[in-house]
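Scroll down for the structure; my scribbles are underneath it.
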Amino acid sequence: VIMQGGDPVCMKKALEENAARVEKRKEAAAKGEESTDRIFKHGFTTGFTLAKGGAVKPSSDQVDAMARQAANALKESGGLGFKMAWKDAFWMGWNKGD
């Protein structure tokens, strides 16, 4: 069970945005198309590259910091929806590269 802290309306919106991104990637994969979600690509590439490069597995705080840096690099607001999507992609990339 996930506890929703802070603003439950904001958390619900972020979860819905993340679910929409995941669904979009699933649909693109089913059609054989490459995902065009740049947040996913950035997070996945970062995680994969670090794992393949022999980096030590980062802590949750370190991944949060990387997500904030990614938001700046991608000129995004870096809200909760962005961080959730980027971190999910990061760990997918990390697991693939490890």
Side-chain angles (χ1 to χ4, degrees):
V1 176
I2 297 175
M3 294 180 58
Q4 294 182 353
D7 184 4
V9 174
C10 184
M11 178 62 105
K12 182 179 178 186
K13 181 180 176 189
L15 290 171
E16 289 171 353
E17 289 173 3
N18 192 45
R21 284 188 180 106
V22 169
E23 188 62 32
K24 181 180 172 184
R25 286 193 297 273
K26 286 181 182 177
E27 289 174 4
K31 293 178 184 177
E33 299 172 356
E34 184 178 330
S35 174
T36 57
D37 188 355
R38 65 192 185 109
I39 297 168
F40 178 81
K41 284 183 179 181
H42 191 277
F44 186 90
T45 303
T46 302
F48 184 81
T49 304
L50 287 175
K52 278 294 188 188
V56 174
K57 187 174 184 177
S59 69
S60 178
D61 290 338
Q62 291 170 322
V63 176
D64 281 343
M66 285 188 276
R68 287 190 300 274
Q69 290 173 341
N72 290 335
L74 296 173
K75 296 182 177 35
E76 292 278 341
S77 65
L80 187 58
F82 174 89
K83 283 175 49 175
M84 289 173 63
W86 192 90
K87 288 166 49 174
D88 286 347
F90 174 86
W91 287 119
M92 284 182 205
W94 180 273
N95 291 334
K96 191 75 155 177
D98 192 22

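We number each residue from 1, following the sequence as shown. Just the heavy atoms: all of them, side chains too, but no hydrogens, waters or symmetry mates, feed the values below.
- Here the closest heavy-atom approach between residue Val63 and residue Trp86 is recorded as O-CZ3, 3.9 Å.
- Asp64 meets the salt bridge (charged side-chain N to carboxylate O under 4.0 Å, His left out) test with Lys87; sequence neighbours excluded.
- Annotation for Leu74 and Ile39: closest pair CD1-CA, 4.2 Å, computed over non-hydrogen atoms.
- Looking at heavy atoms from C-beta onward, Lys57 lies out of side-chain contact with Asp98 at the 4.5 angstrom threshold.
- Evaluation of the ring-ring contact (aromatic ring centres under 6.0 Å, His included) rule for Phe44 yields Phe40 as partners, not counting sequence neighbours.
- Annotation: side chain of His42 is not in contact with side chain of Glu76 (no heavy-atom distance under 4.5 Å).
- Residues Gly97 and Ala51 approach most closely at C-CB, 3.7 Å, considering heavy atoms.
- Taking CZ of Phe90 as the start and OG1 of Thr45 as the end, the distance is 11.5 Å to the nearest 0.5 Å.
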